[in-house]
Colleague: 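The following block contains the structure, expressed as structure tokens.
Just so you know, these numbers use all the heavy atoms, side chains as well, and skip hydrogens, waters and symmetry mates. Please read all numbers here as calculations on a predicted model, not as lab measurements.
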Amino acid sequence: MNQPAGLFDTAAARRIDAQATATLGGDGYVLMQRAGHAAWQCALQYWPQAWRVVVVCGPGNNGGDGYVLARLARQSGRQVWVLHLPGHAPRTPLAQRACTDYLAIGGQVELSRECLREADLVVDALFGIGLERAPDAAAADLIAAVDAAGAPVLALDVPSGVDAASGAVPGAAVHAARVLQFIVPHRGLHTGAALEHAGQRLLAGLDVPAAAFDGVGPAASRWSDALLPAQLPPRRIDTHKGESGHVLCVGGNHGSGGAAMLCAEAALRSGAGLASVATRAAHVSPLLARCPEAMVHAVEDAFDLAPLLARASVVALGPGLGQDDWARRLWAAALECGKPLVVDADALNLLAQQPRPLAQAVLTPHPGEAARLLDVDTATIQRDRFAAAQAMAERFSAVVVLKGAGTVVAAPGQLPRVIAAGNPGMAVGGMGDLLTGVIAALLAQGLAPFDAAATGALLHGLAGDAAAAAGQRGLLPRDLLPHLRALANP
């Protein structure tokens, strides 16, 4: 059975590195040479015709890895320049040793950036995982020069300027074509702004002993398409619709009836046995015309909603709901119904105004809604998406799906999950309504809330990727519907 891939934070990566060094006799240069060799093999594999190689080295051990690569490249006959800033001579004993070995074969160190104009390949060995702040002005200027050179960039361990633990990019950062991570994959490279800089992520295990991982676990897991079959097994031959659950979509205020219908259609295409919609009276006929499989009801208050809540197995609350008196009455009734909830859109904004624990709920905020739920600004959410998702999960005692590039799924006491699917074309109104319906359908089919949230986000992202094969720009939520059905049957 396929298992989620573990992703590690910086503290764990450093501890594993230290334990690996100890098991190898205490000489960290063994690992540094392995890293340099792996990086050079990566360069040969992906850029075999790169004859002019510029290695940008920093003062720490990431720079030391770069010096090892530079030595190997020079020994292979390539024209090699090692470039560093005036204040970035090697400072750690290992980096000094690697630099000495490079100089011993006739290698030279450059302070001028003119060599970047000649490069067929640039290797970023500037900061690695050691930098958790914005680069200073001199380093930012060098990073800009690397990007402006136009040559492909191979980053060692992490693109310089990217926080390997959180994925934040607080200042200038290298845009790498590929990143070769050492020993463990870094969780920050899978979410947020880091995705713009990381390119293709590769991993070199460096043959470290298993003992190097003693007492250290991942900080997140990566969910990809290989996990779908285990979460969505084939149905029994004698399955009936009641076993697949009844999703009630509550929303569709004046002018927003389409949001509730997208939610209901997504629930049906993701396998719900029944789907109902509680909405404004004006939307009943149009919604039935679009999707006769859905049961559409006009509701004006909590009294009208009560029998629908009683029949539902899961409530999808929020698509097109609004924040007027009608919305508040339905919102309050849904929260008290005792059924599992998927809470999205304006239902989240109402929750931010009146915070309360929702133990059976899945919350699906985008960064702006997350900021309101935590009473911070959006930049704070994006600065550390893992911390933000976990903080919401703890505050509301709920599962949280923090949407965006590299969606993060968190729950109290659980290892966060990062969704390896989705694309920029999905940044369009209505996509969240679709996701709400998908997750609600999986809850209705019996998945636990944390699994329904992660599987739903994965299914939604994969459907978006399939639909985007025809182009990301102009992608519409309804373009995902046929792909949801196909992907829900792995």
Colleague: Closest heavy-atom contact between A453 and V362?
Modeller: CB-CG1, 3.8 Å
Colleague: Going by heavy atoms in the side chains, are L203 and F182 under 4.5 Å from each other?
Modeller: no
Colleague: Check A219 against L415 and note the closest heavy-atom contact, atom names and distance.
Modeller: C-CD1, 3.5 Å
Colleague: Check whether any side-chain heavy atom of S270 lies under 4.5 Å from a side-chain heavy atom of V438, and answer yes or no.
Modeller: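 When only atoms from C-beta onward are counted, V438 and S270 do touch, with a gap below 4.5 Å.
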Colleague: Would you list the atom pairs, donor with acceptor, under 3.5 Å between side chains in residues 473-490 and any protein atom, with sequence neighbours excluded?
Modeller:
| from | atom 1 | to | atom 2 | distance (Å) |
| --- | --- | --- | --- | --- |
| D479 | OD2 | L476 | N | 2.9 |
| N489 | ND2 | R485 | O | 2.6 |

Colleague: For the CG atom of D27 and the CG atom of L94, what is their distance to the nearest 0.5 Å?
Modeller: 7.5 Å
Colleague: Within the structure provided, determine whether V53 and V122 are in side-chain contact (heavy-atom separation under 4.5 Å).
Modeller: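 Side chain of V53 against side chain of V122, heavy atoms only: no contact under 4.5 Å found.
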Colleague: Could you tell me if the side chain of R201 sits less than 4.5 Å from the side chain of R222, heavy atoms only?
Modeller: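 Yes - at least one pair of side-chain heavy atoms lies under 4.5 Å apart.
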Colleague: Run the side-chain contact (heavy atoms from CB on, under 4.5 Å) test on L363 and V399 for me, step by step, so that the C-alpha distance in whole Å, both residues' side-chain angles and the decisive distance to 0.1 Å come before the verdict.
Modeller: CA-CA 6 Å; L363 314 184; V399 176; over 6 Å; no
Colleague: Would you mind listing every side-chain hydrogen bond (donor to acceptor under 3.5 Å, both in side chains) that reaches into residues 384-405, with sequence neighbours excluded?
Modeller: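 Passing the test, one end in residues 384-405: T191-R385, D344-K403, Q382-R385, Q390-E394.
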Colleague: Counting distance only, does the side-chain N/O of H460 pair as donor-acceptor with the main-chain N or O of M431 below 3.5 Å?
Modeller: yes
Colleague: Between side-chain atoms of residues 107-116 and protein atoms elsewhere (two or more places apart, or another chain), which donor-acceptor pairs fall under 3.5 Å?
Modeller:
| from | atom 1 | to | atom 2 | distance (Å) |
| --- | --- | --- | --- | --- |
| S112 | OG | E114 | N | 3.3 |
| R113 | NH1 | D141 | OD2 | 2.6 |
| R113 | NH2 | D141 | OD2 | 3.4 |
| E114 | OE1 | R117 | NH1 | 3.2 |

Colleague: Please walk me through it: do R187 and F386 pass side-chain contact (heavy atoms from CB on, under 4.5 Å)?
Modeller: CA-CA 9 Å; R187 73 173 188 175; F386 293 101; 3.6 Å; yes
Colleague: Of the non-hydrogen atoms in A194 and V169, which two are nearest, and what is the gap between them?
Modeller: N-CG2, 4.0 Å
Colleague: Suppose we screen for salt bridge (Lys or Arg N to Asp or Glu O under 4.0 Å). Which residues come up paired with R269, at least two apart in sequence or across chains?
Modeller: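 Partners of R269 by the salt bridge (Lys or Arg N to Asp or Glu O under 4.0 Å) criterion come out as none, since no residue qualifies.
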Colleague: Once you round to the nearest 0.5 Å, how far does SG of C57 lie from OH of Y102?
Modeller: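 The SG atom of C57 sits 8.5 Å away from the OH atom of Y102.
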Colleague: Output every pair passing ring-ring contact (aromatic ring centres under 6.0 Å, His included) with a member in residues 389-428, not counting sequence neighbours, ordered by first then second residue.
Modeller: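 The answer is none; no pair qualifies.
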Colleague: Please, which pairs that meet salt bridge (Lys or Arg N to Asp or Glu O under 4.0 Å) have at least one residue in residues 147-166, sequence neighbours excluded?
Modeller: none
Colleague: Flag the pair V153 / R178 as yes when at least one side-chain heavy-atom distance between them is below 4.5 Å, and no otherwise.
Modeller: no
Colleague: Salt-bridge test for R417 and D451: reply yes if a basic N is under 4.0 Å from a carboxylate O, no otherwise.
Modeller: yes
Colleague: Looking only at heavy atoms, which two atoms of L317 and A347 are closest? And how far apart?
Modeller: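 In terms of heavy atoms, the two residues are closest at O-CB, 3.4 Å.
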Colleague: Drop me the distance from Q181's CD to H186's NE2, to the nearest 0.5 angstrom.
Modeller: 5.0 Å
Colleague: Partners of D377 by salt bridge (Lys or Arg N to Asp or Glu O under 4.0 Å), sequence neighbours excluded?
Modeller: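 Scan of D377 (salt bridge (Lys or Arg N to Asp or Glu O under 4.0 Å), adjacent residues dropped) gives none.
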Colleague: Using side-chain contact (heavy atoms from CB on, under 4.5 Å), reason through V208 and F213 one step at a time and then give a plain yes or no.
Modeller: CA-CA 9 Å; V208 301; F213 292 84; 3.7 Å; yes
Colleague: Which pairs with one or both residues in residues 41-56 pass salt bridge (Lys or Arg N to Asp or Glu O under 4.0 Å), sequence neighbours excluded?
Modeller: R52-E118, R52-D120
Colleague: Can you confirm whether more than 12 heavy atoms, excluding those of W47, are under 6.0 Å from its CH2 atom?
Modeller: yes
Colleague: Looking at side-chain heavy atoms only, is the closest gap between V184 and D17 below 4.5 Å?
Modeller: no
Colleague: Give me each pair satisfying ring-ring contact (aromatic ring centres under 6.0 Å, His included) with a member in residues 9-34, each pair once, sequence neighbours excluded.
Modeller: none
Colleague: Identify the heavy atoms of T436 and P319 that sit nearest to each other, and give their distance.
Modeller: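 Looks like CG2-CG, 4.2 Å.
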Colleague: I need the full list of side-chain hydrogen bond (donor to acceptor under 3.5 Å, both in side chains) pairs touching residues 54-80, with sequence neighbours left out, sorted by first then second residue.
Modeller: N61-T92
Colleague: Could you tell me which non-hydrogen atom of P159 sits nearest to which non-hydrogen atom of A198, and how far apart they are?
Modeller: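 Shortest heavy-atom contact: CG-CA, 4.0 Å.
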Colleague: Between CD of Q323 and CG of L350, what distance do you get to the nearest 0.5 Å?
Modeller: 5.0 Å
Colleague: To the nearest 0.5 Å, what is the distance between CG (L69) and CG (L154)?
Modeller: 7.0 Å
Colleague: Short question: side chain of T23, backbone of A20 - any donor-acceptor pair under 3.5 Å?
Modeller: yes
Colleague: State whether the side chain of T407 and the backbone N or O of G404 hold a donor-acceptor pair below 3.5 Å, judged by distance alone.
Modeller: yes
Colleague: First locate atom CG of L434, then atom SG of C263, and finally report the distance between them rounded to the nearest 0.5 Å.
Modeller: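 Rounded to the nearest 0.5 Å, the CG-SG separation comes out at 8.5 Å.
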Colleague: Should T21 and L31 be marked as a side-chain contact (heavy atoms from CB on, under 4.5 Å) after you check the CA-CA gap, both sets of side-chain angles, and the distance that decides it?
Modeller: CA-CA 7 Å; T21 297; L31 280 182; 3.6 Å; yes
Colleague: Are any of the side-chain heavy atoms of L83 and L142 separated by less than 4.5 Å?
Modeller: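 Yes, at least one pair of side-chain atoms sits under 4.5 Å.
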Colleague: Can you name the side-chain contact (heavy atoms from CB on, under 4.5 Å) partners of P135, sequence neighbours left out?
Modeller: F127, L131, A139, I143
Colleague: Considering residues at least two apart in sequence or located in another chain, which fulfil the salt bridge (Lys or Arg N to Asp or Glu O under 4.0 Å) criterion with D9?
Modeller: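 Checked D9 against salt bridge (Lys or Arg N to Asp or Glu O under 4.0 Å); zero matches.
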Colleague: Check whether any side-chain heavy atom of L443 sits under 4.5 Å from a side-chain heavy atom of P449, and report yes or no.
Modeller: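 Yes, at least one pair of side-chain atoms sits under 4.5 Å.
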